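Report on the structure given below.
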2 protein chains.
Amino acid sequence: MRMAELSRESGVPVATIKYYLREGLLPAGERTSPNQARYDESHVRRLKLVRAMLDVGGISIAGVAQVLAAIDDHSPTHGVLGIAQVGLPMPKTEVDDEARVWAADRLADIAAERGWDLYGEKDPVEESVIGILCTFRELGHLRLLDGFAHYAELADRLAEVDLGLVAGLPSTESIVESAVVGTVLGDALLAGLRRLAQQNASRRQFGES
Amino acid sequence: MRMAELSRESGVPVATIKYYLREGLLPAGERTSPNQARYDESHVRRLKLVRAMLDVGGISIAGVAQVLAAIDDHSPTHGVLGIAQVGLPMPKTEVDDEARVWAADRLADIAAERGWDLYGEKDPVEESVIGILCTFRELGHLRLLDGFAHYAELADRLAEVDLGLVAGLPSTESIVESAVVGTVLGDALLAGLRRLAQQNASRRQFGES
């Protein structure tokens, strides 16, 4: 197909497709004349993956380029998922050394309980969890962390559901796309359902008072 | 205590405290001279609640004023929690009528399965869930909604943990503060733990490939 049709099929404007081509996020089409090229279904799929990572995942252009490079190098799916996950937005918090040690210990305890391997200081997801634990403490709400082990157990159940939904997909590309969309939209969906469940639990608990 | 000490105790700058006084977010202190007033522990507690709602909860000044009015009117705890929850940030999405009907049906099915009462069109939490469901569909990832019922079940488990953590607290004020902090930080904590659990599930599932 020509550029115009690629744009229609993918829903991505022509100017944006040209930008992705320049940034190396989309492989060049097969050249059919000095200023025309032919694209195929693989370009449509790639555009959808790029849009999912940029728009839904909030991953940077550089981050998307890294994920695509890993897919094109035929890196193992687990490795590509890891790269994609690192790009997903997570809150960052400044923490002092004493608080960090305390929070890292709490996280290590939970990881041991759940059988999770941790990567250590540079993993942005672990950094984010450490920052959130420190915020609970700073705000004087340590008591709320009594639910930490329950949360971790429910996170394992969620991850099981999540992986089950993508594991059967045919390519690393489609697994990564579904994982990014499912993780980001899934966070929002779960937050919404949790509030609905809270409303109902609150009505049962406090509705008569 | 005087204004300066209230500022030290609460960690809120004097100028900000004066702003909250003008906006009615903090009751006036007991006047001891034409330009001095005395504050007590109830002012420290109130300041912490205001900060939790503004900074952690992302609730607007007007929203905080509503929650405080409900607390001061001795509204039932469930009602105050409901007002606080409405102010909590949730993603908003534009959806067309056909998509809305489809999503509202999906939500109604899940609510029936979980025994949840729904409020209908004006509830912002329900609106948010409907918007997220429509986004899954628009992006062509309906298959990911196969996990919807699991998510709802896990949301019920989360809400049970959440309510358990705040139910024993002594006042509506402290319950609301803990619920706001726990809901907002809890969303972020759960998102982080879910990613850690995904990393480990992914290693088991795809690590050898």
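Here the structure is a predicted model, which means the values were calculated and not measured. Excluded from the calculations below are hydrogen atoms, water molecules and symmetry mates; all remaining heavy atoms, backbone and side chain alike, are included. Lettering of chains follows the sequences in order, A, B, ..., and the numbering in each one begins at 1.
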Considering all heavy atoms, the nearest [X]-[Y] contact:
{"X": "A/Ser202", "Y": "B/Leu81", "value": "OG-CD1, 3.7 Å"}
{"X": "B/Asp156", "Y": "A/Ala197", "value": "OD1-CB, 3.4 Å"}
{"X": "A/Gln199", "Y": "B/His78", "value": "O-CE1, 3.4 Å"}

For A/Arg38, I'd like to know if atom CZ has over 12 heavy atoms of other residues, nucleotides or ligands within 6.0 Å. no
Below 4.0 angstrom, N of the basic side chain to O of the carboxylate: do A/Asp187 and B/Arg195 qualify? yes
Only heavy atoms, only distances under 4.5 angstrom. Which residues in residues 160-177 of chain A are near chain B? A/Val161, A/Asp162, A/Leu163, A/Leu165, A/Val166, A/Ala167, A/Leu169, A/Ile175, A/Glu177
For chain B, which residues from residues 133-143 of chain A have at least one heavy atom closer than 4.5 Å to it? A/Leu133, A/Thr135, A/Phe136, A/Leu139, A/His141, A/Arg143
Measure [X] against the heavy atoms of chain A and call it side chain, backbone, both or neither at under 4.5 Å.
{"X": "B/Glu127", "answer": "neither"}
{"X": "B/Ser178", "answer": "both"}
{"X": "B/Asp123", "answer": "side chain"}

In Å and rounded to the nearest 0.5 Å, what is the [atom1] to [atom2] distance from [X] to [Y]?
{"X": "B/Leu158", "Y": "A/Leu158", "atom1": "CG", "atom2": "CG", "value": "7.5 Å"}
{"X": "A/Trp116", "Y": "B/Leu196", "atom1": "CH2", "atom2": "CG", "value": "5.5 Å"}
{"X": "B/Leu154", "Y": "A/Leu193", "atom1": "CG", "atom2": "CG", "value": "10.0 Å"}
{"X": "B/Thr183", "Y": "A/Leu144", "atom1": "OG1", "atom2": "CG", "value": "9.0 Å"}
{"X": "B/Arg157", "Y": "A/Glu153", "atom1": "CZ", "atom2": "CD", "value": "5.0 Å"}

So what's closer than 4.5 Å to chain B heavy atoms on A/Gln85: side chain, backbone, both or neither? side chain
Worked verdict on A/Phe206 versus B/Val80 for side-chain contact (heavy atoms from CB on, under 4.5 Å): CA-CA 10 Å; A/Phe206 300 113; B/Val80 181; over 6 Å; no
For B/Asp146, what residues pass the side chain to side chain donor-acceptor pair (under 3.5 Å) criterion, not counting sequence neighbours?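 Counting only residues at least two positions away or on another chain, B/Asp146 forms no side chain to side chain donor-acceptor pair (under 3.5 Å).
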Against chain B, work out which of [options] has the most heavy-atom pairs shorter than 4.5 Å and name it.
{"options": "A/Pro124, A/Ser128, A/Ala201", "answer": "A/Ala201"}
{"options": "A/Arg194, A/Arg51, A/Gln198", "answer": "A/Arg194"}
{"options": "A/Ile132, A/Leu107, A/Leu185", "answer": "A/Leu185"}

Is the backbone N or O of A/Asn200 less than 3.5 Å from a side-chain atom of B/Asp117, with the two atoms forming a donor-acceptor pair by type?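 Pair absent, no side-chain N/O of B/Asp117 close to backbone of A/Asn200.
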What residue in B/Ile110, B/Val129, B/Leu118, B/Asp55 has the most heavy-atom pairs under 4.5 Å with chain A?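 Counting heavy-atom pairs under 4.5 Å, the top option is B/Val129.
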Quick one: list whatever passes salt bridge (charged side-chain N to carboxylate O under 4.0 Å, His left out) with B/Asp73, sequence neighbours left out.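 None.
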